[in-house]
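Reviewing the structure listed below.
The first residue in the sequence is number 1, and the count goes up from there. In listed order, ligands and their atoms are each counted from 1.
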Amino acid sequence: MTVAVVCGGVGAARFLRALAGVHSTADTVGVVNTGDDTVMHGLAISPDLDTITYTLAAAIDPERGWGLRDETWRAMEALARYTAVRPAGSAAAPTWFNLGDQDLATHFYRTARLAEGASLTDVTAEIAAAWGLAQRLLPMTDQRVTTMVSLLEEGIEVPFQEYFVQRRHGVPVSAVRFDGADRASLSAASHAALSQSEVVVIAPSNPLVSIAPIRALAQVDPLLAARRDTVVAISPIVGGAALKGPADRMMVELGFEPSVVGVARLYAPIAGTLVIDPVDEALAAAVRAEGMRVVVTPSVMSSAEVGHELARRSLAAAGTR
Ligand code: FO1
């Protein structure tokens with residue numbers, strides 16, 4: 001059975017790793033958010049693609065959930081010499097976004113290949129091959145889409161990483177926008193994956209800033225809506241809290257209920273089933289009232305066994321009528 005997984009970063013990476021334990025990796029493809037992508041020091045950085053690649057290669061730093069384990073930071077330390085002398089108004093040598101010494105090689109390679117005219121789809125496949133991945137990973141688009149976050153108190157709009165990393169996602173947001181999404185299109189490979197795979201799983205990623213940029217591409221919602229019986233979403237909200245990151249706070253700030261019911265309202269048009277954790281079982285009827293079937297199974301991937309069962313139940317749900 002072929003499976004396409006709609007992916008953000010850490011939650012999706014962990015789900016794909018779990019899926020690899022119970023399903024053929026050759027039949028698995030990830031369609032990955034690139035709205036978080038950024039350019040630092042002139043380098044093209046694709047955090048969600050890298051988080052997934054490193055996780056599936058068992059090279060991720062397990063505590064941070066991003067970057068490589070056993071990483072060193074000598075290049076970042078050396079940058080401090082230049083931040084001391086940069087003139088007022090210069091953004092050169094930013095040190096708030098941490099690029100490890102080994103991680104830099106990935107960004108060097110991606111940047112150089114893009115400069116040669118390769119598409120992000122091709123470069124992503126090359127990087128995945130270099131790390132020995134059996135799954136296919138696809139950027140959602142080969143064009144530039146940037147998630148922009150409006151900050152309530154500062155009254156400005158900043159690119160996602162300036163909210164997430166620079167401000168440690170600790171400030172309230174008032175809006176999110178996907179710059180360039182109206183001009184971009186779903187990559188041909190992603191389109192094929194989302195339309196031809198027998199099952200689509202929406203990973204437990206932030207619905208507002210990880211899955212929403214993919215949905216902002218014009219083709220995606222109609223494509224998924226047309227096959228919603230075979231689309232299964234896994235709630236990233238468990239017991240009213242995000243599994244990781246600011247999804248729960250963002251939902252409140254942007255006017256959504258931070259619960260599996262709020263998640264159901266977001267996904268009901270495009271997914272037939274919502275997978276929720278047993279702690280949310282009491283809300284199952286309310287999720288059904290939003291028009292979704294419900295699968296109740298532990299969804300906090302605290303062990304390989306829990307992850308495997310979550311993956312198994314998610315795939316099985318797509319066959320449930
Ligand atoms: N996340 C952080 O919290 N701090 C960082 O300095 C940081 C650097 C970084 C570098 C490369 C990369 O691929 C990811 C990195 N991340 C960092 C993670 C990333 O910014 C976020 O986790 C995602 O964008 C959210 O999905």
Check whether the side chains of Thr2 and Glu198 place a donor and an acceptor atom closer than 3.5 Å, and report yes or no.
->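 Judged by distance alone, the side chains do pair up.
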Side chains of Tyr54 and Asp103, donor plus acceptor under 3.5 Å |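 There is such a pair between these side chains.
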Got a sec, which pairs hit side chain to side chain donor-acceptor pair (under 3.5 Å) with one end in residues 201-210, sequence neighbours left out?
->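 For residues 201-210, and leaving out neighbouring residues, there are no side chain to side chain donor-acceptor pair (under 3.5 Å) pairs at all.
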Would you mind listing every side chain to side chain donor-acceptor pair (under 3.5 Å) that reaches into residues 123-134, with sequence neighbours excluded?
->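 Sorted pair list: Tyr109-Glu126, Arg113-Glu126.
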Return yes when atom CZ of Arg312 has more than 12 non-hydrogen atoms of other residues, nucleotides or ligands closer than 6.0 Å, and no otherwise.
->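 It does: Arg312 CZ has more than 12 such atoms within range.
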List for me each residue that meets side chain to side chain contact (heavy atoms under 4.5 Å, CB included) alongside Ser185, sequence neighbours excluded, and say none if there are none.
->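 With neighbours one apart ignored, the set is Gln143, Gln219.
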Short N or O contacts of ligand 1 with protein, under 3.5 Å, listed by atom name?
unit_1	atom_1	unit_2	atom_2	d
ligand 1	1 (N)	Trp66	NE1	3.3
ligand 1	6 (O)	Asn98	N	2.9
ligand 1	6 (O)	Asn98	ND2	2.8
ligand 1	20 (O)	Gln161	OE1	2.8
ligand 1	20 (O)	Gln161	NE2	3.4
ligand 1	24 (O)	Asp36	OD2	2.8
ligand 1	24 (O)	Gln161	NE2	2.9
ligand 1	26 (O)	Asp36	OD2	3.1
ligand 1	26 (O)	Asp48	OD1	3.0

